[in-house]
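These numbers come from the heavy atoms of this one structure, side chains and all, not from hydrogens, waters or symmetry mates.
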Amino acid sequence: QVHLVESGGGLVQPGGSLRLACTVSGRTGRDYAMGWFRQVAGKEREFVVAMSMNGARRAYGEPVKGRFTISKDNAKNTVYLQMDSLKPEDTAVYYCVSSRGNPILSSLGKIETYGYWGQGTQVTVSS
């Protein structure tokens with residue numbers, strides 16, 4: 001059974017940085033993708049970033065390009081989301097996701113690509 005565990009959320013001031021981590025268990029090989037979506041209460045979930053675990057493909061949502069970076073540590077089965085230059089509008093619950101298959105680049109940003117979700121971690125950007 002696939003299980004995702006997130007960590008690293010919290011409160012940060014505008015302009016600050018935060019790093020989220022997501023560790024996956026129950027998966028073998030590298031033919032799948034992992035990433036992050038976020039959600040504000042009352043709104044739909046929004047794509048943030050994702051990458052294939054073999055390193056071949058990576059995609060970023062427009063609001064976070066140039067500020068957020070996804071990386072991975074295969075030995076630890078963990079992906080990281082480094083968030084810099086944070087803005088109040090980045091405030092949301094951030095969900096780690098993992099795909100069932102090995103998506104192509106154009107599918108990385110689609111919510112239907114992901115069959116496994118973490119429990120979510122709150123990120124609040126406020127002074």
Side-chain angles (χ1 to χ4, degrees):
Q1 185 175 0
V2 177
H3 192 50
L4 304 173
V5 177
E6 301 130 330
S7 61
L11 173 65
V12 63
Q13 291 187 344
S17 297
L18 207 59
R19 190 176 81 156
L20 306 182
C22 176
T23 299
V24 61
S25 59
R27 303 215 66 154
T28 59
R30 295 285 179 257
D31 290 335
Y32 61 96
M34 289 185 67
W36 302 85
F37 279 73
R38 66 186 182 185
Q39 187 173 28
V40 176
K43 295 187 177 182
E44 293 185 353
R45 293 186 180 184
E46 177 186 45
F47 172 67
V48 178
V49 62
M51 69 182 301
S52 56
M53 293 303 282
N54 61 18
R57 294 172 289 278
R58 194 170 305 201
Y60 288 88
E62 286 297 327
V64 307
K65 281 184 179 179
R67 300 188 298 121
F68 290 13
T69 304
I70 189 171
S71 62
K72 62 183 176 72
D73 184 335
N74 286 338
K76 296 181 179 180
N77 291 328
T78 299
V79 292
Y80 301 96
L81 177 60
Q82 178 66 40
M83 303 184 290
D84 298 318
S85 302
L86 281 161
K87 305 174 182 179
E89 51 264 43
D90 293 318
T91 296
V93 177
Y94 283 71
Y95 294 92
C96 179
V97 296
S98 185
S99 64
R100 293 188 184 277
N102 191 15
I104 59 176
L105 180 60
S106 61
S107 295
L108 283 177
K110 298 179 180 180
I111 195 167
E112 58 266 27
T113 295
Y114 302 96
Y116 306 104
W117 291 72
Q119 78 283 359
T121 185
Q122 177 70 45
V123 171
T124 302
V125 184
S126 175
S127 55

**Asked** With a 4.5 Å heavy-atom cut-off, do T91 and V40 have their side chains touching?
**Response** no
**Complete:** For G109 and F37 the tightest heavy-atom approach is O-CZ, 4.0 Å
**Pairwise side-chain contact, L11 with S126, heavy-atom cut-off 4.5 Å (strictly under)** = yes
**Request:** Check the pair Y60, L108 against side-chain contact (heavy atoms from CB on, under 4.5 Å), reporting the backbone distance first and the verdict last.
**Result:** CA-CA 9 Å; Y60 288 88; L108 283 177; over 6 Å; no
**Prompt:** Side chains of M34 and L4: does their closest heavy-atom pair fall under 4.5 Å?
**Reply:** yes
**Prompt:** Quick one: are D90 and R67 in side-chain contact, heavy atoms under 4.5 Å?
**Reply:** yes
**Prompt:** Hey, does the side chain of E6 reach the backbone of Q119 with a donor-acceptor pair shorter than 3.5 angstrom?
**Reply:** yes
**Complete:** For I70 and V49, the nearest pair of non-hydrogen atoms, with its separation, is CG2-CG2, 3.5 Å
**Asked** What closest approach, in Å, do F47 and G61 show between heavy atoms, and which atom pair accounts for it?
**Response** CE2-N, 3.5 Å
**Request:** Consider only side-chain N and O atoms of T23 and T78, and report whether a donor and an acceptor are under 3.5 Å apart.
**Result:** yes
**Asked** Does any non-hydrogen side-chain atom of R45 lie less than 4.5 Å from one of V97?
**Response** no
**Item:** Within the 6.0 Å centroid threshold, strictly below: Y114 and Y95
**Value:** no
**Request:** Give, for atom CD of E46 and atom CZ of R38, the distance between the pair rounded to the nearest 0.5 Å.
**Result:** 4.5 Å
**Item:** Test item: S107 side-chain N/O and T113 main-chain N/O as donor-acceptor pair under 3.5 Å
**Value:** no
**Message:** With side-chain contact (heavy atoms from CB on, under 4.5 Å) as the criterion, how do K87 and V125 come out once you've worked through the C-alpha distance, each side chain's angles and the decisive distance to 0.1 Å?
**Reply:** CA-CA 6 Å; K87 305 174 182 179; V125 184; 5.5 Å; no
**Under 3.5 Å donor-acceptor, R57 side chain and P103 backbone** = yes
**Asked** Hey, does W117 have a side-chain heavy atom less than 4.5 Å from the side chain of V2?
**Response** no
**Message:** Rounded to the nearest 0.5 Å, what separates atom CG in L81 from atom CG in L20?
**Reply:** 5.0 Å
**Y116 six-ring face occupied by R100 cation (under 6.0 Å, within 45°)** = yes
**Message:** If you compare all heavy atoms of S98 against all heavy atoms of R27, which two are closest, and at what distance to 0.1 Å?
**Reply:** OG-NH1, 2.7 Å
**Asked** What about V12 and V93, same hydrophobic cluster or not, with Ile/Leu/Val/Met/Phe/Trp/Tyr joined at side-chain heavy-atom distances under 4.5 Å?
**Response** no
**Request:** Mark yes when over 12 heavy atoms from residues, nucleotides or ligands other than E44 sit less than 6.0 Å from its CD; otherwise mark no.
**Result:** no
**Side-chain heavy-atom pair M53, V79 within 4.5 angstrom cut-off** = yes
**Request:** Could you tell me the separation between the CE atom of M51 and the OG1 atom of T69, rounded to the nearest 0.5 Å?
**Result:** 11.0 Å
**Asked** What pair of heavy atoms forms the shortest contact from N102 to S52, and how long is it?
**Response** OD1-CB, 4.5 Å
**Asked** If you take all heavy atoms of G8 and L18, which pair is closest and at what distance?
**Response** O-CG, 3.6 Å
